[in-house]
Structures are given as C-alpha cells and as structure tokens.
Amino acid sequence: MTRADPRPHWIVLGRDDGDTLWASLDATGATIATDRVRSADLIARIAHEESLGSVRWVWSDTPAWYPSLLAAGVRIARCHDLRLTHAILRDSELVSAGHPVRAARAWDAAGVDGTDAAPALFDLPSGADALPGDLDSALAEFARQRDALDTASDPGRLRLLTAAESAGALIACELRAAGLPWNAVEHDRILTGMLGERPAHGGLPAAIVAKATEVRDALGDPQASLDSQPKLLRALHRVGVNVESTSRWELRRHEHPVVVPLIEYKRMMRLLTANGWSWLAEWVDDDRFRPVYVPAGVVTGRWASSGGGALQIPRQLRAAVRADPGWKLIVADVAQLEPRVLAAMSSDTALADAARGADLYGAIAEHGKLEGREKAKLALLGAMYGATSGESGRLVPQLRRTYPRAMKLVDDAARIGEDGGVVSTWLGRTSPPPSRAWRDVQSGATDDAASAADTDLARRVGRDRGRFTRNFVVQGTAAEWALAWMAELRNRLAAMPVVAPERAARASGPVFARQAHLAFYLHDEVVVHAPAEHADAAADAIVEAAASAGRLLFGGFPVDFRLDVHIADSAEKA
DNA sequence: GGGCCAGGCGCG
DNA sequence: AAAGCGCGCCTGGCCC
C-alpha cells in the first residue's frame, strides 16, 4: 500500500461465486477501490483491515458474515447491517415519504436465522425470501440508506438508532459465541430436588408421579387426565370446582383440596417440559447455553430469541448460571427502566424527580397521593399499558394530575393509534401502519349499513391498537436506551485487560476466553462474565455505560438510570 | 405425519 | 382482583 492510499471509511462486502467482492469507500461513499477476495483469504484480510482501525464493515446481514469471524478469533468494532437498517428506514416517519429506500422490497426479506450452520442450500425455497448477497445490491442499498439518513427530518437521531441497531447485531452474534456459563450438574440438582430422580427409561420423575396421585385422589378419579385442559376442566367441575379455565389465578380462588396440589403439579410439569433434562441435553453444551438472539425481532425494537427460550429462563434455574473457576458473573438490571424513559422523553421533571431516589414507586405514591408503592406501581403500569378497568384503571386519572406531561405523551400515542396513525420512538423507529383488515373494520363502522356489532367491533379493535401504540413509544425507546447501554458497555469491556492463557474461560470461544465479556442480555438486564480480578472494573463499566447511554439519548435531561448490580459466582439473586 | 390453533405459563 | 403491553414454547386437539 502506498502512502497516498487513503484508509477506507467503509468496506462493503458481497458474495460472488464463493468469493467475496470487496469495495473500499471513502467517507462520502465514493468507491476508492474494489477487489476480489478468495474465501480462504477472507478472514485474514478482514482481520488485517480491522487491525488498522476505524473501518466500518457494511454487509447484508450480520449473522451471515460475523459468526465465522468470531469462530476464527476475529472481533470487529463497527458494522452497518443493511437488513436491520433497511427495516428501520423503510418505516420511519423521519424519512421522507417517497424515498426510494422504502421501495427496495428485496431488502424486506428475512435474514439468516443466526445459527452458524452452513448456508441453507437445501432448505431455502429457491430464490424466495433470500436477502440480496451480492456487492452491487449492497452498494445500491447502502447508497439509498445513506441518502435516506442525510435527508431525514432528524438525521442525528436516526443515525444514532441505526448505529446502535448495527452494534446490537454484532452483540447478538457475540453473545451466542461467548455463551452463558451454565452448570449442568447444578441444573440437574435443581431438577432432582424439585421433581425427583430422573427416571432411567422415560416416564415421569417420582415426585411428579406422587403429586399427580395426590391430585387424582382429590378429584376422586384415579384415571383423571391432568394434561388435557378440557378433560381436567370436566374433572374439576365433577368435584364442584366451578372454574371457567384451569389457569392458576382462577384455581387459586377456590378452597377445594385439589387446588394446591394441582397448581404444584402444573408448576412441576412446566419445569420438566420447558427446562427439564431434555432441554439441558439439547441446549447446554460444553458448559454454555447459546441461544439465538434476534435483534429487533419484536416490532418495538426489542430483541426476540429463537430456540432455547432464552427470554424465558425461569428464576428457579438462575442458580445453574455459574461462572467458570476463577471468573465471576456480574448481573445488572435497570430498576424501572420504562418509567424513567418515559420521564426523559416527555421532559416530565416531576416524574424524573420521583426517579431520582432509591424508590421510584414510593416517590410516586408520595407525590401522587396514592396509598403505598404497590398502588403507585399499578397506576404507572396501567398508564403505560392502557388499563381502563380494575384497580389499575381507576388509579390512572390520579397519576394524570400529578404527571401531566408524561401522561400526555402516552395518551397522545394512544389517540394517534386509535385514529389509524403511526407513532415513533425517541430515535425514530416507527410503528407499523394499521393492517388492511383493521382499516376495513374501521370503514365498515362508518358505513350507512353498519350494525351495532360493527361499531362495537371497530371501537374495540381501535382501542386495542391505541394500547399498542401507547406502549410502543415507551417500550421502543427503552429498547433504544438498552441498545445504547450495551453498545457502550461492549466497547468498555473490549478495552479491558486480558488474562494469561491458563486462566482462559475455554468454552467462551477464541475472542472472549481471556477477557471480560457480555454473556446474556434480556431487555433491561445484562450478565457479564469476567475474570475475578476484573469483576469490580466490569461492574463499574456497566454503571458508566448506563450513564453514558442516558446522556447519548437524552442529553442533559436530569434522569437517573439506576442499576442493581451483583457480583457473584452464580446469577441467583441475592 | 405435518400444520395450525388455543390454553397455559415462563420472561421483561 | 385478573384487567392493561411485548414476546416464545409446550401440550393437546383438531384439521387435512
């Protein structure tokens, strides 16, 4: 390379016949150079460019490119994920109405599923649903996206969002590569303790069998089927337990001797079927749980997961999450993230004041003259979710008087949704427009021939949508805050020292084995796995990253994002 | 034997 | 007391 060669600002990658086509772009997006890289050389080439610093990788879909790099020990600092960015820009209110990025339908296709299996040559329906993987398509879409950002009504926010989204895409792959340290022996101990010894040849463990017998005795029917809802319902009716469903909350209201053992039986069966020995065998390998995280898998921008139920690990099993020897887990969750986000985005200083102390709900109870923090919590959740009835619904008006700005923000979002409009998060992620079916129901209600049932239906689905948009702005902005938090934390952890090879957390993969790293993420909570001597510094990084995320999104607005942080050998709550 | 739905329940 | 947001996954029961 000669001295005159400028460093590329972006490098766009595309696949071509098993090779990779490579385009170096300057900061204006002009192409400086193109190259063809053979697949055998690709990882080394990327590693080399990355080591020179400050390059942003532009690719179709992070899970299609990044896992093989991570497996080879290459971590990259920054990327631009075309698929995720497309989805944001396509729907965003901040992008001009007729912008060509909205019409680039090929980029609406689903990406790869995030498992690092070989490309799905066999199960991909020929041509359908495939994201464009070639360089020309990537360059064209990247140009459209840059233009959409440049011409957006608030480029700063949207750039922040798309950068955070792409960082999230990297993090999702990295979380899977590092895995969540999971102790199978401890998991087995918990299962055995709650369910009884695992039977050698199928069948139910002893404690469940005993519990089932208890339930059948109480039902006076040794043959009663406990796993079929309709049959169980009939059996309950026969002994005079007149419930409409077999759900726990309804059962609980009855005194009959069947109730307690039945609830216990359901709880045991749930643990067995959802997170029992077969889950352990299928999902935990080499002391790690490696779920597939799906960034923006939820319309609000929250992440979803696919396989392994990563978003539903029951609290009962938290003790099975255990640091490697000589390492620690740092578990951190944000206390009441959504109310804090609502305070900031509505500039409601009164609500922000309540969030300043250690007990947000307690402060709301005091300010809002509500009796006790439980009522305050109910009222606030009701306001954000759109409760209309029950105790929660009754408490909302009181809150509206105390925090008019915050409540106006969510009430406005609900009204717009009911009217068929769209709403946006703080950084510009916009809710999907109403479906065709929804609009048909609304227009059917204004028809001359509309029946009372038509208007009732229209009102009901209208309110349903209002509750969705009401919550969208808060849940979606909270997800943005969390992305910013994680992206910042990722950078801080990457700057931490490495430990000696003999201290490595071997199963965490080549990139993360010797350094503090993110191991789990769930909406408002992170778990970091760190060498014991770096645990305090990692905990500090988590706290500093949260403060930094708050400033990045909300500037100087005075709202605290308080964290609960624990350093321990297991993720069990103290 | 696979696809789809409802009920139920785990998580935030 | 059981309304009021967003998910994924398991089961039984139904369909083809």
Side-chain angles (χ1 to χ4, degrees), chain A residues 225-234 243-253 262-276 278-279 282-283 291-318 333-339 341-342 374-375 377-396 399 410-411 413-414 417 423 425 429 431-432 460 463-479 481-482 520-526 564 571 573:
Chain A
S225 167
L226 308 184
D227 302 318
S228 159
Q229 195 263 6
K231 291 175 186 167
L232 176 59
L233 201 54
R234 283 194 293 273
V243 283
E244 286 180 19
S245 74
T246 62
S247 62
R248 192 171 43 209
W249 68 263
E250 198 181 353
L251 286 169
R252 225 176 236 152
R253 297 160 59 192
L262 178 54
I263 289 173
E264 189 57 22
Y265 171 83
K266 283 160 152 276
R267 184 174 143 88
M268 292 163 95
M269 282 297 278
R270 166 80 192 190
L271 181 61
L272 177 71
T273 57
N275 295 97
S278 47
W279 180 92
E282 185 178 353
W283 288 100
V292 176
Y293 295 90
V294 185
V298 179
V299 275
T300 57
R302 270 190 176 181
W303 289 15
S305 72
S306 144
L311 276 51
Q312 310 150 247
I313 299 171
R315 298 193 155 277
Q316 298 162 298
L317 288 181
R318 283 285 185 132
D333 68 287
V334 196
Q336 305 97 26
L337 176 57
E338 292 186 357
V341 159
L342 174 58
E374 278 313 304
K375 283 193 197 297
K377 181 175 177 178
L378 221 51
L380 197 56
L381 292 176
M384 291 189 301
Y385 292 163
T388 53
S389 62
E391 186 174 7
S392 180
R394 284 197 300 282
L395 292 169
V396 173
L399 209 60
V410 288
D411 288 344
V423 296
T425 59
R429 192 188 308 264
S431 65
R460 188 166 56 75
R463 291 204 175 131
D464 288 349
R465 188 158 189 280
R467 287 193 302 277
F468 165 65
T469 51
R470 170 190 294 272
N471 188 245
F472 181 95
V473 293
V474 180
Q475 187 184 116
T477 303
W481 182 90
F520 188 71
Y521 163 62
L522 179 58
H523 306 321
D524 62 358
E525 170 181 11
V526 295
D564 290 321
K573 281 279 160 132

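Naming: A, B, ... by sequence-line order, numbering from 1 per chain.
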Rounded to the nearest 0.5 angstrom, the CZ-CZ distance for A/Arg248 and A/Arg270 is 9.5 Å
Between NZ of A/Lys231 and P of C/dG12 the distance, given in whole Å, is 9 Å
Separation between CD (A/Glu525) and CG (A/Leu337), nearest 0.5 Å, reads 12.0 Å
5'-most contact on DNA chain C (nearest-nucleotide basis), A/Trp279 vs A/Arg252, goes to A/Arg252
Name the nucleic acid region contacted by A/Leu226, choosing base, sugar-phosphate or nothing; use a 4.0 angstrom heavy-atom cut-off, strictly under. nothing
Side-chain donor or acceptor of A/Arg470 paired with backbone N/O of A/Ala383 under 3.5 Å: yes
Give A/Gly297 one of three labels, base, sugar-phosphate or nothing, depending on what nucleic acid heavy atoms sit under 4.0 Å from its own. nothing
A/Leu271 atom CG is separated from C/dT11 atom P, nearest whole Å, by 13 Å
With a 4.0 Å cutoff (strictly under), does any side-chain N or O of A/Arg394 reach OP1 or OP2 of C/dA1?
no
The reported gap from CG in A/Asp227 to OG1 in A/Thr246 (rounded to nearest 0.5 angstrom) is 10.5 Å
Scoring nucleotides 3-12 of chain B by protein non-hydrogen atoms under 4.0 Å (B base, S sugar-phosphate only, - none) yields ----SBBBBB
Q.
Is there a side-chain contact between A/Ser228 and the phosphate of C/dG13, meaning an N or O under 4.0 Å from OP1 or OP2?
A. yes
Identify whether any heavy atom of A/Arg253 sits under 4.0 Å from a base atom; if not, whether one sits that close to sugar-phosphate; answer base, sugar-phosphate or nothing.
sugar-phosphate
The reported gap from CE in A/Met384 to CG in A/Leu342 (rounded to nearest 0.5 angstrom) is 7.0 Å
Rounding to an integer number of angstrom, what distance separates C/dG4 and B/dG12 when you compare their P atoms? 23 Å
For DNA chain C, the dot-bracket notation using Watson-Crick and G-U wobble pairs below 3.5 Å, [ ] for pseudoknot-type crossings and | for other-strand pairs, is ....||||||||||||
Across all chains, not counting sequence neighbours, the side-chain contact (heavy atoms from CB on, under 4.5 Å) partners of A/Arg302 are A/Val298, A/Thr300, A/Glu338, A/Gln475, A/Ala479, A/His523
Closest to the 5' end of DNA chain C, once A/Ser389 and A/Asp227 are matched to their nearest nucleotides, is A/Ser389
Query raised in the report: Ignoring hydrogens and angles, are the base of C/dG4 and the side chain of A/Thr388 linked by a donor-acceptor pair under 3.5 Å?
Result: no
Exercise for review: Pick base, sugar-phosphate or nothing for A/Gly393, based on heavy-atom distances below 4.0 Å to the nucleic acid.
Suggested key: nothing
A/Trp283 CH2 to C/dC10 C1', in whole Å, measures 14 Å
Would you find a donor on one side and an acceptor on the other, under 3.5 Å apart, between the side chain of A/Ser431 and the backbone of A/Val423?
yes
Report task. For the pair A/Thr469 (side chain) and A/Gly466 (backbone), establish whether a donor and an acceptor sit closer than 3.5 Å, ignoring hydrogens and angles. Result -> yes
Rounding to 0.5 Å, atoms CG (A/Leu317) and CH2 (A/Trp279) come to a distance of 7.0 Å
